[in-house]
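Below is one structure, written out as structure tokens, with a few remarks after it.
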Amino acid sequence: MRVVVTGLIATYPVGGVAWDYVQYVHGLQALGHDVTYLEDTGQWVYSPRLMTFTETCDENLAYLERVLSRGSARVPWAFRDPGGTMHGLDPAALVARCREADLFLNVSGSCWLRDEYRGRGVHAYVDTDPCYSQAKLAATDAGTAEPLVRESAEMIRRHDVFFSYAENLGRPECPIPTVGLAWHPTRHPIMLADWPLTAAPSDGPFTTVMSWKIDVTSPVIGGRVYGGKDVEFAKILALPTRTPAPLEIALSGAAPRAELTAAGWRLRDAREASATPESYRRYLTGSRGEISVAKEAYAATHSGWFSTRSASYLALGRPVVIQDTGLATHYPIGDAILPFEDLDGAVAALAAVDDGYARRCDAARTIAAEHFGAERVLGRLLADAGCA
């Protein structure tokens, strides 16, 4: 089967972002499919060196080429720059691949679904940022959306089938509206071969990699404004004073670093920890486990969202202490996945990790294989898209 996968690898050239999309590429290749990678956001690209967005993308293209050349199977790719010039595949060759594709998999809705990309196959929208996507659609339906939001919402509705990382979407406990669409639950696929299992360092910290606050419009659902990780992190700010475990954040964004350091958090520069897919993986590998919050938009809505990063920790055999988003319905809780709702819950979860730590590491790898394994996750996605 021919599949076009979209993403943000060149637009945001950092290791954690690359893994979000590379796992789809590697997973579909492992299933025997002919995969093409396409990136066409219509946006300027981010330069980690300049720490700003720019229309100059030479470094981004070199990064994309390196990322997609990893492993044994080279991936044909195309990137449309902010000026409209296509790089990688010849434009005619790209259009031919899109027209003949059995599945156009628009991961994160990252690619504008231009007329020339539409073909004979199924066009699938994968919502990796739940609540934000549905808020756009709801505002557009209500006639209150700004023009750019309305344009984005109209693009979403051009797809044939819809998936969401909010696995509770449509259930009574989740207030995120379905906005008239049938959303199939899905989750991040993991290729275990990309995450070699090694013993965790006995003195390693519990870590996470995070942006303090993303500069996007906060979603509004039912009149309530939902925030990001900065809102939720306040709940566990004092955690280092309640546990002997070292806690570290590889952090980017305009965060209150002095306040975090005073509270006992160790800080690392996320640009260093996540410069490449390899450095990102090394950083996670050097951890004893993960400690992390979710965006308020995910947690307060009981969405059932599970982090791509947390799935990667599990694949490496690292237990995860993570904020609960309504996970119990979908995942085995208690061994390698230890969710919390508040500071006391986070303290208790960290204390529990050391009780049978080796068993919890084994459970982490097993959960990654059984609940995030690319063959299972993508097999279900293809079936729900009518492409199996």
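Sequence positions, counted from 1, serve as the residue numbers for this chain. The shown structure was predicted, so the numbers you read here are calculated from the model rather than taken from an experiment.
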Please, which pairs that meet ring-ring contact (aromatic ring centres under 6.0 Å, His included) have at least one residue in residues 355-388, sequence neighbours excluded? Phe306-Phe372, Tyr331-Phe372

Quick one: does Asn60's side chain have a donor or acceptor within less than 3.5 Å of a partner on Ala10's backbone? yes

Does a salt bridge link Glu116 with Arg80, judged by any charged N lying under 4.0 Å from a carboxylate O? yes

Can you give me every donor-acceptor pair (side chain of residues 343-351, partner residue at least two apart or in another chain, under 3.5 Å) with its distance?
from, atom 1, to, atom 2, distance (Å)
Asp344, OD1, Arg242, NH1, 3.4
Asp344, OD1, Arg242, NH2, 2.9

Fellow cluster residues of Val377, listed by chain then number, with links counted only when side-chain atoms sit under 4.5 Å apart: none

Can you list everything that forms a side chain to side chain donor-acceptor pair (under 3.5 Å) with Asp127? Sequence neighbours excluded, please. Ser133, Gln134, Ser164

Should the heavy atoms of other residues, nucleotides or ligands under 6.0 Å from CG of Leu50 be counted, would the total exceed 12? yes

Any ring-ring contact (aromatic ring centres under 6.0 Å, His included) pairs touching residues 228-251, not counting sequence neighbours? Trp212-Phe233, Phe233-Trp265

Centroid-centroid distance, Tyr12 to Phe53, less than 6.0 Å: yes

Ring-plane angle category for Trp19 and Trp195, please: parallel below 30°, perpendicular beyond 60°, tilted otherwise. tilted

Mind checking side chain to side chain contact (heavy atoms under 4.5 Å, CB included) for Thr366 and listing every partner two or more places apart, or none if nothing turns up? Glu370

Distance col, row Tyr21:OH vs His188:NE2, nearest 0.5 angstrom, shows 10.0 Å

Within the supplied structure, the quantity of interest is the number of heavy atoms (other residues, nucleotides, ligands) at a distance under 6.0 Å from Glu173 CD; does it exceed 12? yes

Taking side chain to side chain donor-acceptor pair (under 3.5 Å) as the definition, give me every residue that meets it alongside Glu278, ordered by chain and number, with sequence neighbours left out. Arg70, Thr276

side-chain hydrogen bond (donor to acceptor under 3.5 Å, both in side chains) between Tyr165 and Ser307, intermediate numbers included: CA-CA 9 Å; Tyr165 280 17; Ser307 168; over 6 Å; no

What residues, two or more places apart in sequence or in another chain, satisfy side chain to side chain contact (heavy atoms under 4.5 Å, CB included) together with Val220? Val225

Residues in salt bridge (charged side-chain N to carboxylate O under 4.0 Å, His left out) contact with Arg288, at least two apart in sequence or another chain: Asp354

So does Asp115 pair up with Arg158, basic N to acidic O under 4.0 Å? yes

Salt-bridge test for Lys295 and Glu232: reply yes if a basic N is under 4.0 Å from a carboxylate O, no otherwise. no

Quick one: does Arg99's side chain have a donor or acceptor within less than 3.5 Å of a partner on Arg118's backbone? yes

According to salt bridge (charged side-chain N to carboxylate O under 4.0 Å, His left out), who are the partners of Arg268, at least two apart in sequence or on a separate chain? Glu248, Glu272

I need the full list of ring-ring contact (aromatic ring centres under 6.0 Å, His included) pairs touching residues 96-139, with sequence neighbours left out, sorted by first then second residue. Tyr125-His159

Which residues pass the salt bridge (charged side-chain N to carboxylate O under 4.0 Å, His left out) test with Arg282, sequence neighbours left out? none

Please evaluate residues Arg309 and Ser292 with respect to the criterion side-chain hydrogen bond (donor to acceptor under 3.5 Å, both in side chains), reporting the C-alpha separation (whole Å), side-chain torsions for both, the decisive distance (0.1 Å), and the verdict. CA-CA 10 Å; Arg309 181 192 56 256; Ser292 183; 2.8 Å; yes

